Structure formats: C-alpha cells, structure tokens
Trainee: 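Have a look at this one before I ask anything.
For reference, positions follow the sequence shown, starting with 1. Values in this document were obtained by computation on a predicted structure and should not be read as measured data.
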Amino acid sequence: MPGAPPPPLAPRSVAVLPRPLHEIQMRNRLDQQTEQWQRRYAIRAGSEDTLSQNVRAHGLRRSRYRGLTRTHVQHVLTAMACNLSRLADWYDTTSSARRAPRFQTLCNTAGSRSPDRPRSPTESRH
C-alpha cells in the first residue's frame, strides 16, 4: 500500500540495568533528596550558571586568538565583562534590568496580552 508506514527495523525492547547498578542509581536518587546534597549542589549550580552565561552571551567557547597566552587573556577579560554586567544588573533597580519570564516573553512575541499589561480600549475581550 502506498500510504502505509514502513515496517519497524527492530522489535521494541526495554533496557534494564543490572541489579548492582540499579541499586547504586536508587541510592544516589535518595541522596539527592537530602538537604546536605542540595546545599552542595547549589554551589555547583552557581558556577555552572556562570560558565553557561559566559559561553552563551560572551562567546567563551571560541577563541579569537591563537596561543594559550592570548586565549587566557581573552578568558580573563570575558570573566571581567561578565562580572561587570552582573554588577550593573545588581545595582540597577528598575524593572528593565530584570529578565522577563520565558512565558511572558513568548506571549509578547506572539502578540498576545501579558497579565500585567492593561487592556487597551480597542482590544477585544474575547
């Protein structure tokens, strides 16, 4: 038949970990619920956030220069720029410095009304 989907290449299967690995995984998941583990992870999450900001916003993954010395200088200057950017956001108390929630950004780009924006007289209620 021309509209029929192609037959599957292999039968479906379920992957099950060996018992010792499953027990280790379950023990680790229980440990993650403790307050001590969450405090330790919060430190890592902060440094991961900093690294992510430098990679995404400041292009840290690609070097503009050749050589370790010049690349190191670029990384140091990038870190300084990130710190200055964070300080500026911290000192700025206006609402424009705060990031809008992702849903609100999505609503604004789609042209719909955000909950904190008053309805205009020409805007439909339905």
Trainee: List the residues meeting salt bridge (Lys or Arg N to Asp or Glu O under 4.0 Å) with Arg86, not counting sequence neighbours, and say none if there are none.
Mentor: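 Expected list: Asp49.
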Trainee: Which donor-acceptor pairs under 3.5 Å do the side chains of residues 36-43 make with protein atoms, sequence neighbours left out?
Mentor:
from  : atom 1 : to    : atom 2 : distance (Å)
Gln38 : NE2    : Gln32 : O      : 3.4
Arg39 : NH1    : Glu35 : OE2    : 3.4

Trainee: Taking atom NE2 as the centre, does His75 end up with more than 12 heavy-atom neighbours from other residues, nucleotides or ligands that are less than 6.0 angstrom away?
Mentor: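 Buried by this count: over 12 neighbours within 6.0 Å.
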Trainee: Check this for me: Leu68, atom CG, are more than 12 non-hydrogen atoms of other residues, nucleotides or ligands nearer than 6.0 Å?
Mentor: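 No, not enclosed.
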Trainee: Apart from Leu77 itself, what residues make up its hydrophobic cluster, given side-chain heavy atom links below 4.5 Å?
Mentor: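 Result for Leu77 is Val73, Val76, Met80.
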Trainee: Report the hydrophobic cluster partners of Leu30, with the cluster defined as I, L, V, M, F, W, Y residues connected by side-chain heavy atoms closer than 4.5 angstrom, directly or transitively.
Mentor: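 Result for Leu30 is none, singleton.
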Trainee: Show me the donor-acceptor pairs, under 3.5 Å and distance only, between side chains in residues 8-28 and residues at least two apart or in other chains.
Mentor:
from  : atom 1 : to    : atom 2 : distance (Å)
Arg19 : NE     : Glu23 : OE2    : 3.4
Asn28 : ND2    : Ile24 : O      : 3.4

Trainee: Tell me, which pairs form a side chain to side chain donor-acceptor pair (under 3.5 Å) where one or both residues lie in residues 57-67, sequence neighbours left out?
Mentor: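 Passing the test, one end in residues 57-67: Ser63-Thr71, Ser63-Gln74.
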Trainee: What distance separates Thr78 OG1 from Asn83 CG, expressed to the nearest 0.5 Å?
Mentor: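 If I round to the nearest 0.5 Å, the distance is 11.0 Å.
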